[in-house]
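Proteins come first, then strands; the chains are lettered A, B, ... in the order of their sequence lines, and each starts at number 1.
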Amino acid sequence: MHELAITEGVVEAVTERLPDARITCVRLDIGAMSGVVADSVRFCFGLATEGTNLEGARLEISEPAALCRCRTCGDVFEPDGPIALCPCGSADISVLSGQDLKIISVQVA
Amino acid sequence: MCATCGCSAGGAVVQLISGGEPDHADAGRGHGHDHGHDLGHDRDHEASEAGRTVLLQHKVLAKNDDIAAGNRDWLRRRGVCLLNLMSSPGAGKTTLLERTARDLVGALAFAVIDPPAGSMVVIENVGNLVCPAMFDLGEAVRVVLASVPEGADKPVKYPHMFRQADLVLLSKADLLPYVNFDLNRYTIDLRRVNPAVRLMRLSAVTGEGLQEWYDWLHSRIP
């Protein structure tokens, strides 16, 4: 839903930093708890890059798993799905990683 | 604008992972935005290098987060509480706001433009339980409204939205006797997603629960 705006944000950020370069590949990290659906970004990418210096670029997305710490038992665990529940049963957790949405690198022709 | 290289200070956060300029040590300190200058300078000085990978650590929402931080700072200095009200379409945001504004005339200042100190600004967000969860608007409090007829599965279905709420309003509570809504299940699931969140049930039609909501609003004024 919001992935089109997110993808446009990616294109805009790259274009702003490298306005004269022809970009051949964009590498993104979309964390498992970022709230962004990678497939939707893939779907929007062609449209969002049309007529820009990213047109025709390959999109590589990696989806790092989330890591959470349980405030009840202290364990660090990888949540199973979007609702982070510690194996001990506690829902009182803090998210350590996996919420990031980042452009890691671009390939320039 | 960055005095050293002329890049836009309001722009995105780009961090240097490798490479960069040896004499750029004052970059972060000098202008208070956390970006490296590898891209711009690579472009200027090494533009002919073909097929290279340019490493970034660019947060996609950095621009949005910058604007939100500016809003938050401005509002805090003014002593204004910004409330972000979110729900799915038809859950009753407008009805609740209209009733709230009517009931609190003279008791709590709601401001539209140029908010004075001690007032409250409410953003009635778009009706959607997915997208608004992504975007920080600089608000002090996030209120999620979900109505009884929508069903009790909302916190589980939209955990991103409910995880970041400060307050959840279960609206249209006057319909509880007539629809199949498991309040116990709803409460348990909401706590699984967000153990710290406060839950209020209310009805803008019958007035049930509104006093608690108004008291909460008053408590948020700085």
Measure Phe135(B) against the heavy atoms of chain A and call it side chain, backbone, both or neither at under 4.5 Å.
side chain
For Ala84(A) and Arg163(B), which heavy atoms make the closest approach, and how far apart are they?
N-NH2, 4.3 Å
Portion of Ile83(A) that has a non-hydrogen atom of chain B nearer than 4.5 angstrom:
both
Step by step, work out the side-chain contact (heavy atoms from CB on, under 4.5 Å) result for Val60(B) and Lys102(A).
CA-CA 5 Å; Val60(B) 176; Lys102(A) 270 187 191 165; 5.8 Å; no
Close contacts, residues 153-161 of chain B versus chain A, judged by heavy atoms under 4.5 Å:
Val156(B), Pro159(B), His160(B)
Do other residues, nucleotides or ligands put more than 12 heavy atoms under 6.0 Å from the CZ atom of Arg69(A)?
no
Side chain Gln107(A), main chain Gly51(B), donor-acceptor under 3.5 Å
yes
Sub-4.5 Å side-chain heavy-atom contact between Ile104(A) and Gln57(B)
yes
Greatest number of non-hydrogen atom pairs under 4.5 angstrom with chain B, of Leu85(A), Leu28(A), Ile23(A), falls to Leu85(A)
Restricting to non-hydrogen atoms, name the atom on Arg192(B) and the atom on Ala91(A) that form the minimum distance, rounded to 0.1 Å.
O-CB, 3.1 Å
For Ile6(A) against Leu61(B), the heavy-atom pair lying closest together:
CD1-CD2, 3.8 Å
Of the backbone (N, CA, C, O) and the side chain (C-beta and beyond), which part of Arg22(A) lies under 4.5 Å from a heavy atom of chain B, both, or neither?
neither
Shorter than 4.5 Å, heavy atoms on both sides: which option in Asn64(B), Asn194(B), Thr53(B) has the most such pairs with chain A?
Thr53(B)
Report the C-alpha separation of Glu3(A) and Met134(B) in whole Å, then their side-chain angles, then the decisive distance to 0.1 Å, and conclude whether the side-chain contact (heavy atoms from CB on, under 4.5 Å) test is met.
CA-CA 10 Å; Glu3(A) 279 81 0; Met134(B) 288 287 300; over 6 Å; no
Apply the test side-chain contact (heavy atoms from CB on, under 4.5 Å) to residues Arg17(A) and Leu56(B): give CA-CA distance (whole Å), side-chain angles for both, the deciding distance (0.1 Å), then the verdict.
CA-CA 10 Å; Arg17(A) 305 305 290 187; Leu56(B) 311 175; 5.6 Å; no
Flag yes if more than 12 heavy atoms outside Asp80(A) fall under 6.0 Å of its CG atom; otherwise flag no.
no
Contact class of Ser90(A) relative to chain B, heavy atoms under 4.5 angstrom
neither
